A.B. asks: 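After the structure tokens below, expect a handful of questions from me.
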Amino acid sequence: MHGGHALAVTRKPDKDVIFCHKGCKTADVLRALGLTFADLTHGDDETQPGGVPEWATQEHKGFTAHGKRTFDYVDEAGELLYRVTRTQLADGTKTFRQAAANGEPSVKDVRKVLWGLPDVLEAVQAGRTVHVAEGEKAALALRAAKEVATCNSGGSNGWLDELADSLKGAAEVVVWQDRDDAGAKWTAAVTESLKARGIPHRVVQSRTEAPSDDAWDHLAAGYAVAQAAPVEAAEPTELERFAPDVSPAVRDAALRMLEYKAAQRLVSQFEASQRTNTTMTVSQALDAVLSGQAAVLPTVARLGSGETGTGLFYPGLVNGIYGDGSVGKSVVVAEVQARTLAEGGIVVHWEFDNNPVTVIVARLLNAGAAPGDIRGRFHVLYSTVDRDALTDEVQRAVKLVTLDALNPAVTSLGGDPYHPGGIDNAVREFFSPFTLHGACGVFVDHVGHESKERQAGSIRKAQAVQGALYECQLEAPLKPGLTGRTRLILRKDNQGALGDLVGKTVATAVMTSGAEKGAPAARVRTVFEAQDPFLPEEREDRKWTEEERIEWAIRKMDEAGVPTGLSINATHEWMDGEKVKIPLRQALKNRAIKARNHRAEKQAAVPDTGGGPTDPPPLRVSGAIPSDTR
């Protein structure tokens with residue numbers, strides 16, 4: 001016996017269980033104590049063991065004491081094919097060696113057969129039952145119990161599908177499963193081979209419950225063969241029912257896909273359980289629609305300066321803006337963030353456009369956000385680790401989540417920004433944890449000049465938008481001391497609250513810089529002005545008159561801050577240096593410069609009497625590029 005606390009005894013209603021933590025076999029422990037397995041049981045249950053067999057109470061060479069035992073594997077005629085030598089060491093460990101009939105230590109190219117093949121074939125021919133165990137020791141114990149028993153060489157990893165051919169015709173095959181994971185895996189391989197050949201079979205295991213117990217332990221405990229514990233066959237999986245003949249590689253791939261889909265369902269169920277608004281019944285939804293309470297309106301980034309009315313973006317949904325570089329997308333986002341902070345909301349910003357946090361905070365300050373609001377309720381995230389660091393209370397309270405920019409955000413997750421899976425994964429990771437609680441989501445998408453059509457027209461990006469998607473088009477650049485203007489053209493409205501405005505300008509972001517001309521950037525006041533319905537939309541079918549084109553060019557020069565009093569050539573040089581582009585043919589552009597200079601001279605010469613301008617008011621034309629600018 002081992003010293004200390006190596007031996008544990010557990011009392012159960014029908015029996016006592018002895019377990020040696022040092023790995024001793026229960027039979028060895030009982031012999032040392034002068035007991036038998038019958039002494040451990042009480043009651044008259046039919047599953048109780050009987051007398052312990054004589055071979056289990058004696059030293060069994062090769063099994064209960066250290067030593068070697070050799071098992072011959074022969075063909076149908078009894079000719080030796082190979083040998084398996086089992087060596088039991090004094091410390092309880094065991095080794096196995098295989099050798100060909102000629103003594104070579106390799107059996108790589110030797111035909112593999114069941115142990116005791118001639119006896120197995122004779123039993124099969126007679127229509128008897130055959131017992132299959134995982135190893136020679138268990139098979140030998142079954143033979144001692146007067147059963148026809150066999151096994152394969154190589155233990156739990158040694159079963160070959162063709163070995164089952166020798167069992168065709170048996171009345172039944174009883175498969176003895178060891179009580180460990182390796183035994184379960186071996187049993188699955190054996191039963192699959194038997195099932196494929198239509199051989200009747202069932203699976204049993206030892207009544208003893210120690211880890212790795214097999215048929216030898218069952219019989220050595222005094223149990224009869226008929227008292228083996230049945231192992232219920234697992235219900236066939238969905239894959240096994242509908243595709244029983246697929247290859248192992250296909251089956252593994254299919255199982256991984258099924259596991260992935262199961263995980264997706266769990267995520268969807270969790271998201272549904274976390275939603276702030278519970279799902280309506282059909283009846284409740286009908287009542288809401290009929291009463292007008294079901295309408296979802298864009299209320300974020302309200303138009304004009306009022307606190308009520310419609311806005312640009314839908315709360316609780318993913319919205320988006322895209323456009324060329326330097327059209328004012330970042331100013332628009334900073335304005336929406338600043339408004340949300342001023343209203344007491346928490347703002348989360350995902351940054352994937354390589355802007356340092358100092359630049360992001362500076363934009364917020366320039367948009368009018370208070371330092372205390374930024375410090376307490378503004379969070380910049382760079383990875384899902386940052387997101388998970390937010391408490392549940394913060395995640396539920398977020399009112400606005402912005403992301404700059406969509407393409408690098410998708411690639412940060414290893415996805416393709418032009419593939420549905422990449423877009424969907426980004427929306428799930430970066431927006432869903434917040435929008436499902438009612439936060440408004442807004443992503444920024446850049447449009448590269450070299451691939452504008454591909455990026456702006458990405459189908460999946462548009463589909464990912466649950467609310468509104470806008471294209472930003474520059475009218476006048478924002479510069480210190482000047483007013484910039486960016487039109488927000490509605491490209492998609494997934495909720496329909498914006499009516500027939502798809503393809504039209506919904507609002508113009510009027511951005512007024514508080515800095516002096518030529519000075520560093522400072523406070524920027526941004527107002528989202530609704531489009532005047534009486535002004536022509538961006539591209540009209542009719543051609544503009546020359547007077548309208550000249551007036552349009554004058555307005556564009558005023559907005560860009562082009563100096564007056566310069567010569568025509570000097571004015572062109574100034575606009576080229578400042579990259580002010582007015583797409584109009586040269587003759588009309590020159591006339592616009594002269595008319596603008598002349599108008600400025602007259603205004604400077606006439607004192608301001610408060611009676612209004614001396615010239616008639618300029619024509620009211622839209623900010624769009626004229627339909628014929630050549």
Side-chain angles (χ1 to χ4, degrees), residues 277 294-304 306-324 327-340 343 345 347-350 398-407 409 423-424 426-427 430-432 434-447 455-474 485-511 526-533 537-538:
N277 298 323
V296 180
L297 300 175
T299 57
V300 178
R302 297 184 186 277
L303 305 185
E307 296 182 359
T308 61
T310 61
L312 295 173
F313 306 116
Y314 290 89
L317 301 171
V318 177
N319 307 264
I321 60 174
Y322 71 90
D324 289 316
V327 297
K329 299 188 297 294
S330 297
V331 176
V332 169
V333 170
E335 175 66 22
V336 179
Q337 293 171 338
R339 292 188 185 188
T340 304
E343 294 168 358
V347 177
V348 163
H349 176 71
W350 291 96
V398 170
K399 294 300 181 184
L400 174 70
V401 52
T402 56
L403 184 147
D404 189 6
L406 186 57
N407 270 22
I423 302 298
D424 291 348
V427 170
F430 302 134
F431 286 104
S432 293
F434 308 102
T435 57
L436 62 84
H437 297 303
C440 173
V442 180
F443 69 73
V444 175
D445 190 25
H446 296 316
V447 179
Q455 294 193 41
S458 173
I459 296 175
R460 195 57 188 176
K461 288 180 182 179
Q463 290 176 339
V465 174
Q466 305 157 346
L469 176 66
Y470 294 93
E471 178 184 359
C472 296
Q473 285 190 0
L474 182 68
R485 297 174 65 87
T486 294
R487 289 186 297 127
L488 294 165
I489 303 170
L490 184 65
R491 294 306 182 192
K492 178 188 177 183
D493 177 19
N494 205 44
Q495 300 300 315
L498 296 173
D500 62 349
L501 293 176
V502 175
K504 299 180 181 179
T505 300
V506 173
T508 299
V510 181
M511 304 165 284
T526 301
V527 177
F528 300 111
E529 291 184 349
Q531 175 73 4
D532 189 335
E537 192 39 64
E538 50 182 301

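Just the heavy atoms: all of them, side chains too, but no hydrogens, waters or symmetry mates, feed the values below. This one's a predicted model, so the numbers in the text were calculated from it and none came from an experiment.
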A.B. asks: Sequence neighbours excluded, which residues qualify as salt bridge (charged side-chain N to carboxylate O under 4.0 Å, His left out) partners of Arg339?
C.D. replies: Glu335

A.B. asks: When Lys492 is tested against each of Leu498, Leu469, Asn319, Val502 for side-chain contact (heavy atoms from CB on, under 4.5 Å), which residue passes?
C.D. replies: Leu469

A.B. asks: If I compare all heavy atoms of Cys472 with all of Val327, which pair ends up nearest, and what's the gap?
C.D. replies: CB-CG2, 3.7 Å

A.B. asks: Check for a donor-acceptor pair, side chain of Lys329 on one end and backbone N or O of Ile321 on the other, with a separation under 3.5 Å.
C.D. replies: no

A.B. asks: Asp493: what forms a side chain to side chain donor-acceptor pair (under 3.5 Å) with it, not counting sequence neighbours?
C.D. replies: Tyr314

A.B. asks: With side-chain contact (heavy atoms from CB on, under 4.5 Å) as the test, would you mind laying out the steps for Leu317 and Thr435 before giving the verdict?
C.D. replies: CA-CA 6 Å; Leu317 301 171; Thr435 57; over 6 Å; no

A.B. asks: Among Leu403, Leu436, Thr402, which residue satisfies the side-chain contact (heavy atoms from CB on, under 4.5 Å) criterion with Phe431?
C.D. replies: Leu403

A.B. asks: Measuring from Asp324:CG to His446:NE2, what's the distance to the nearest 0.5 Å?
C.D. replies: 11.0 Å

A.B. asks: Could you measure the distance from the OG1 atom of Thr310 to the CG atom of Leu303? Nearest 0.5 Å is fine.
C.D. replies: 4.5 Å

A.B. asks: Counting only N and O atoms by type, is there a donor-acceptor contact under 3.5 Å from the side chain of Gln531 to the main-chain atoms of Thr508?
C.D. replies: no

A.B. asks: What are the two closest heavy atoms between Ala301 and Val336, and how far apart are they?
C.D. replies: CB-CG2, 3.8 Å

A.B. asks: Evaluate the side-chain contact (heavy atoms from CB on, under 4.5 Å) criterion for residues Thr486 and Met511: first the C-alpha distance (whole Å), next the side-chain angles of each, then the deciding distance (0.1 Å), finally the verdict.
C.D. replies: CA-CA 8 Å; Thr486 294; Met511 304 165 284; 3.4 Å; yes

A.B. asks: Side chain of Tyr470, backbone of Leu312: donor and acceptor closer than 3.5 Å?
C.D. replies: yes

A.B. asks: Return the minimal non-hydrogen interatomic distance between Thr340 and Leu400, and the atom names on each side.
C.D. replies: OG1-CD2, 3.6 Å

A.B. asks: What heavy-atom pair brings Ala497 and Pro298 nearest, and what distance separates the two atoms?
C.D. replies: CB-CD, 3.8 Å

A.B. asks: Starting from the C-alpha separation in whole Å, work towards a yes-or-no answer on side-chain contact (heavy atoms from CB on, under 4.5 Å) for Val401 and Val348.
C.D. replies: CA-CA 5 Å; Val401 52; Val348 163; 4.1 Å; yes

A.B. asks: Less than 4.5 Å apart, any side-chain heavy atom of Leu488 and any of Val506?
C.D. replies: no

A.B. asks: Whether the side chain of Trp350 engages the backbone of Phe430 through a donor-acceptor N/O pair (distance < 3.5 Å, no angle test) should be reported.
C.D. replies: yes

